[in-house]
Amino acid sequence: MRSRDVGHNGQMPSDADTPVRAVFIGGSGRTGSTLVERLLGQLPGVCNVGEVVFLWERGLRRGERCGCGVPLPECPFWRKVGERAFGGWDSFDLRRFLALKQSIDRNRFIPALAARSAGANGEAMIRAREYAGTYAQLYRAVREVSGCPIVVDSSKHASLAFCLRASAGIDLRVVHVVRDSRAVAYSWTKRVRRPEADVAVTDAQAYMDTFSPRKSAMVWNTLNIGFHLLAARGTATTLVRYEDFIAAPVSAMRALAEFAGTDPALSFMTAEHAALVPAHSASGNPMRFTAGRLPFRLDDAWRTRLGRADRALVTALTLPLLARYGYLRRT
Ligand SMILES: [Zn+2]
């Protein structure tokens with residue numbers, strides 16, 4: 001395996017037939033995954049492209065801004081990617097693709113895609129392969145346009161990861177990021193404006209989604225269980241606890257560089273902060289627009305701000321995984 005890894009000059013054979021190495025960041029939202037994605041993207045030979053799952057609707061259809069600040073359809077990087085992948089975005093049948101997405105990229109199809117008895121010719125598997133084939137074309141174009149053999153997609157959804165696994169054109173590696181469910185629940189209650197949504201026509205488009213603590217606990221369970229199931233089915237996966245990552249970011253990034261298959265060249269960061277450069281992220285947390293010096297600071301506001309009843313509810317609903325990840329030992 002190491003022979004195909006990235007060397008000191010960040011190069012790896014990247015002819016059209018080689019499967020694209022895609023490092024997929026998975027887990028619940030509000031886990032610090034955008035930070036992990038951006039730091040990964042600054043490693044040699046790695047290109048991070050944000051949450052590709054939202055590229056289609058938010059970036060291409062609505063014209064929301066790329067991480068570089070330009071409306072995505074006008075971003076030179078994404079324009080070149082569209083040309084390489086599909087002969088230009090005008091030639092890409094977005095409506096048909098969104099219908100295909102609806103028909104397979106949903107949590108309820110995970111059991112069908114994960115079943116040990118799922119044959120290669122099962123109906124769900126055929127749709128997943130077609131759907132993931134578009135991602136493979138896109139990742140391959142990102143690889144060509146960026147010159148980076150490793151592509152990082154921080155889409156996070158378990159259903160998408162199960163689809164990507166069905167494509168022979170994708171060498172999938174999953175970074176499963178977890179964070180204390182109580183911290184995640186508190187974060188989902190906050191109303192946050194989306195800076196990229198200048199073109200928003202509804203409040204739902206202008207603001208990030210908010211979830212009740214009960215809903216966020218259920219989503220947290222579903223996504224985390226989904227990624228444990230994916231790992232159990234043989235997809236290369238590494239688990240990262242957000243709290244451990246913030247406490248020791250340099251050693252965490254060294255391990256992630258090895259997992260991704262590149263050199264741990266970390267001159268852009270210390271144990272205290274990172275120097276972030278803008279990236280062409282398709283969509284994601286508003287933090288994707290942050291550039292320059294960013295201190296590593298644990299956000300544990302939930303310990304004082306999440307109400308007692310909500311805290312008890314989320315703890316009860318997520319107890320098995322909270323225990324598995326070691327979060328019950330600290331409180
Ligand atoms: Zn851009």
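For ligands, and for the atoms within them, numbers begin at 1 and follow the listed sequence.
- Classified by interplanar angle (parallel below 30°, tilted 30° to 60°, perpendicular above 60°), the ring pair Phe86/Trp89 is tilted.
- With hydrogens and angles disregarded, a donor-acceptor distance shorter than 3.5 Å links the side chain of Thr262 to the backbone of Pro44.
- Residue pairs meeting the salt bridge (Lys or Arg N to Asp or Glu O under 4.0 Å) criterion with at least one member in residues 83-98, sequence neighbours excluded: Arg84-Glu144, Arg96-Glu130.
- Note on residues 215-239: no pairs pass salt bridge (Lys or Arg N to Asp or Glu O under 4.0 Å), not counting sequence neighbours.
- Between Trp188 and Phe211, the gap from one ring centroid to the other is short of 6.0 Å.
- Excluding waters, the set of protein N/O/S atoms under 2.8 Å from the Zn ion (ligand 1) reads Cys66 SG, Cys68 SG, Cys75 SG, His280 ND1.
- The side-chain contact (heavy atoms from CB on, under 4.5 Å) search around Ser181 returns Trp220, Val314, Thr318, Leu322, not counting sequence neighbours.
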